[in-house]
Amino acid sequence: MDINGSTRTIGLIGNPVEHTLSPVIHNGLSEAMGISSVYVPWKVEADGLEDAIHGAYELNILGMNVTVPHKNAVMEYLADIDDAARNIGSVNTLVRDDGKHGYIGYNTDMPGLRRQIHEDGISLSGKTVVILGAGGASKAVVYMCLIEGAGKIYLVNRTIGKAGKIAEDMNRLVKSGALSQSEQYPFLNETNKGVYTEYDRVVPISLSEYNKISENDLIVFQATSIGLFPNVNDVVIDDPSFYEKIDTGIDLIYNPAETMFMKLVKAHGGIAYNALKMLLYQGVIAYELWHNVKVPDEIVEDMYVELKRQVYKKDNIVLIGFMGSGKTTFGKELAKVRHMDFVDTDEFIEARAGMSIAEIFAVKGEDEFRRIETETLKELRNQLSNTVLSTGGGMPLRRENALLLKDIGKVLYLNAATQVIYDRVKDDTGRPLLQGTNPYDKICTMMKERRPLYERACDIIVDANSNDLDEALYNIQKVI
Ligand code: NAP
């Protein structure tokens with residue numbers, strides 16, 4: 001990134017801040033958007049909060065994220081606060097306003113989660129919702145459920161007083177009509193408004209009394225800190241009869257990718273999601289507020305893949321490249337020396353289909369083969385670890401596949417010259433795309449088309465011109 005005299009500074013204030021993923025999101029977005037801004041974490045003690053906010057303004061800092069323990073306390077030092085953030089009682093994003101000579105506070109956790117559930121196709125309208133936990137995050141979840149038109153919302157917590165307080169605040173808010181008056185919430189149509197202000201929609205329940213919830217088809221948000229890595233086998237409720245009532249479970253925890261809560265929801269026939277997307281979207285929404293831009297969906301998708309890689313640190317190596325670039329030969333050897341498993345997508349597909357790739361092309365056509373490739377990657381994505389994955393030459397041509405490959409592991413493009421490729425494959429009759437006259441010219445044309453796609457799909461380009469196995473392996477290992 002070009003850092004120059006016009007570069008803007010943004011950061012995170014909180015304590016601790018060392019483990020934040022926000023710099024990955026915001027610096028990644030700036031890189032992708034071509035915006036010169038830098039995002040850094042700042043540790044701020046509680047008694048230094050006011051000075052930090054005023055100092056940031058004087059330093060012309062464009063904005064800040066706010067995390068624990070300052071999300072409430074910061075509200076005192078702001079020039080203004082967005083309605084939703086005020087209602088939730090928690091601010092996680094500050095946006096500079098020169099006119100007001102200070103920062104405006106927003107809560108982007110709430111719309112971040114809202115964007116996630118919309119994308120995951122979860123409708124809350126009229127549904128019974130259970131929220132496990134009444135900590136800092138859960139008020140935003142309750143608020144989101146209210147504006148999404150949920151019916152009854154059970155707020156289940158170990159410390160019943162905390163659930164009671166949130167329920168009281170939120171029910172008061174509903175009765176005041178403040179929610180339905182806002183133009184931001186058009187789904188609260190005339191009929192809904194009448195229905196939903198008539199009774200207390202948020203019901204506090206002590207954790208020990210969760211079995212008082214008698215409804216079925218529940219949407220459950222897991223908003224406690226139970227199940228967080230490394231305590232991955234912990235769960236706040238383990239009673240099977242509770243999980244039998246769940247239609248959809250959303251765990252606000254995203255590490256591990258599949259929590260014990262999610263496993264139990266799935267084991268009892270429900271659908272389960274983690275909330276890594278919420279983390280990303282709260283960041284994207286903050287970014288859009290700071291820079292007054294709309295981040296294109298494609299950039300958001302790429303950032304999601306990058307975020308998953310940072311969080312889950314997949315240890316697989318994925319080899320892409322043209323036929324004859326050495327993906328299988330070098331890949332098998334690489335797996336051997338690094339004590340990894342080896343999987344070849346073409347072999348995997350052939351074994352499944354009971355026919356060769358050439359036969360699949362002949363019988364089903366290239367489009368169907370590409371579709372099978374995509375399905376194969378989706379399946380392998382959840383299965384592979386410590387594996388070298390060798391892929392078919394056309395695999396990264398679809399953008400969807402390129403994203404899936406990065407999701408699986410570190411992607412290496414084995415790059416070899418056209419003549420080297422030709423010499424390696426010219427006698428191979430099992431390559432459907434090279435049948436016919438002038439295979440050399442065909443390779444030239446295809447390489448020209450595919451090279452930019454391989455380059456876009458990979459993390460690292462590796463020189464794969466050598467036919468000497470040791471030299472080829474050396475070239476691969478030195479970049480890993
Ligand atoms: P918090 O303020 O510390 O609240 C923790 C909650 O967990 C409280 O309800 C607490 O109950 C409950 N809890 C803790 N230990 C428990 C135990 N042994 N048994 C029963 N309940 C227990 O945390 P938070 O800020 O609300 O965050 C909650 C979770 O959401 C965290 O895991 C956090 O990582 C996640 N989160 C994710 C995102 C995202 O972007 N995906 C955003 C925000 C938060 P008591 O009130 O009884 O102590």
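Numbering of ligands and ligand atoms starts at 1, following listing order.
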Worksheet item: Are there more than 12 heavy atoms of other residues, nucleotides or ligands under 6.0 Å from atom CZ of F229?
Response: no
Fill in: Element-labelled atoms of ligand 1 that are located less than 4.0 Å from some non-hydrogen atom of K162
45 (P), 46 (O), 48 (O)
Worksheet entry | Protein heavy atom at shortest distance from atom 42 (C) of ligand 1 | M278 CE, 3.8 Å
Item to complete: Please indicate whether any nitrogen or oxygen in Y254 is less than 3.5 Å from any nitrogen or oxygen in ligand 1.
Response: no
Worksheet item: Tell me, which protein residue and heavy-atom name are nearest atom 26 (O) of ligand 1, and how many Å apart are they?
Response: A137 N, 2.8 Å
Item to complete: Report the part of A275 (side chain from C-beta onward, or backbone N, CA, C, O) that has a heavy atom under 4.0 Å from ligand 1; answer both or neither where that applies.
Response: both
Worksheet item: Going by heavy atoms in the side chains, are V74 and L49 under 4.5 Å from each other?
Response: yes
Worksheet item: Around atom CG of N292, are there more than 12 heavy atoms of other residues, nucleotides or ligands at under 6.0 Å?
Response: no
Discussion item. If the cut-off is 4.0 Å to any non-hydrogen atom of I253, which atoms of ligand 1 fall inside it?
Written reply: 32 (O)
Discussion item. Heavy atoms only, cut-off 4.0 Å: how does L113 contact ligand 1, side chain, backbone, both, or neither?
Written reply: neither
Fill in: For V236, the ligand 1 atoms whose distance to one of its heavy atoms is below 4.0 Å
20 (C)
Discussion item. Quick test: of every protein heavy atom, which one is nearest to atom 30 (O) of ligand 1, and how far off is it to 0.1 Å?
Written reply: L252 CB, 3.6 Å
Practice prompt. Return a yes/no value: protein heavy atom under 4.0 Å from atom 39 (C) of ligand 1?
Written response: yes
Practice prompt. Step through the shown structure and confirm whether more than 12 heavy atoms of other residues, nucleotides or ligands are within 6.0 Å of CG on D367.
Written response: no
Worksheet item: Would you say T20's side chain and S22's backbone share a donor-acceptor pair under 3.5 angstrom?
Response: yes
Item to complete: Would you mind listing which atoms of ligand 1 come within a distance below 4.0 Å of any non-hydrogen atom of G133?
Response: 9 (O)
Worksheet item: To which protein heavy atom is atom 10 (C) of ligand 1 closest, and what is the distance rounded to 0.1 Å?
Response: N157 OD1, 4.0 Å
Worksheet item: Can you name the one residue among D169, D109, N107 that meets side chain to side chain donor-acceptor pair (under 3.5 Å) with K139?
Response: D169
Item to complete: May I ask you to identify the nearest protein heavy atom to atom 4 (O) of ligand 1, giving residue, atom name and distance to one decimal place in Å?
Response: G135 CA, 3.4 Å
Discussion item. Counting non-hydrogen protein atoms only, what is the nearest one to atom 48 (O) of ligand 1? Give residue, atom name and distance.
Written reply: R158 NH2, 2.8 Å
Discussion item. Within ligand 1, which atoms have a heavy atom of A223 less than 4.0 Å away?
Written reply: 28 (C), 29 (C)
Worksheet item: Under 30°, 30 to 60°, or over 60°: which ring-plane class applies to H291 and Y287, parallel, tilted or perpendicular?
Response: tilted
Item to complete: Using a 4.0 Å heavy-atom cut-off, say whether S225 meets ligand 1 through its side chain, its backbone, both or neither.
Response: both
Discussion item. Among N231, N233, D251, which residue satisfies the side chain to side chain donor-acceptor pair (under 3.5 Å) criterion with T259?
Written reply: D251
Discussion item. Using a plain distance cutoff, I'd like to know if T159 has any nitrogen or oxygen under 3.5 Å from a nitrogen or oxygen of ligand 1.
Written reply: yes
Worksheet item: By number and element, which atoms of ligand 1 are closer than 4.0 Å to a non-hydrogen atom of A134?
Response: 9 (O)
Discussion item. Applying a heavy-atom cut-off of 4.0 Å, say which part of L207 lies close to ligand 1: side chain, backbone, both or neither.
Written reply: side chain
Worksheet item: So D120 and Q116, side-chain hydrogen bond (donor to acceptor under 3.5 Å, both in side chains) or not? Walk me through it.
Response: CA-CA 6 Å; D120 289 339; Q116 157 159 4; 3.2 Å; yes
Practice prompt. Could you tell me whether the side chain of T387 and the main chain of S385 form a donor-acceptor pair under 3.5 Å?
Written response: yes
Worksheet item: Of K308, R399, K406, which is the lone residue that meets salt bridge (Lys or Arg N to Asp or Glu O under 4.0 Å) with D302?
Response: R399
Worksheet item: What protein heavy atom sits nearest atom 31 (C) of ligand 1, and how far off is it?
Response: T224 O, 3.9 Å
Fill in: Residue and atom name of the nearest protein heavy atom (relative to atom 23 (O) of ligand 1), distance in Å to one decimal
G136 N, 4.4 Å
Worksheet item: Side chains of S36 and D2: do they bring a donor and an acceptor to under 3.5 Å?
Response: no
Practice prompt. Specify whether Y39 and H26 have parallel, tilted or perpendicular ring planes, treating 30° as the upper limit for parallel and 60° as the lower limit for perpendicular.
Written response: parallel
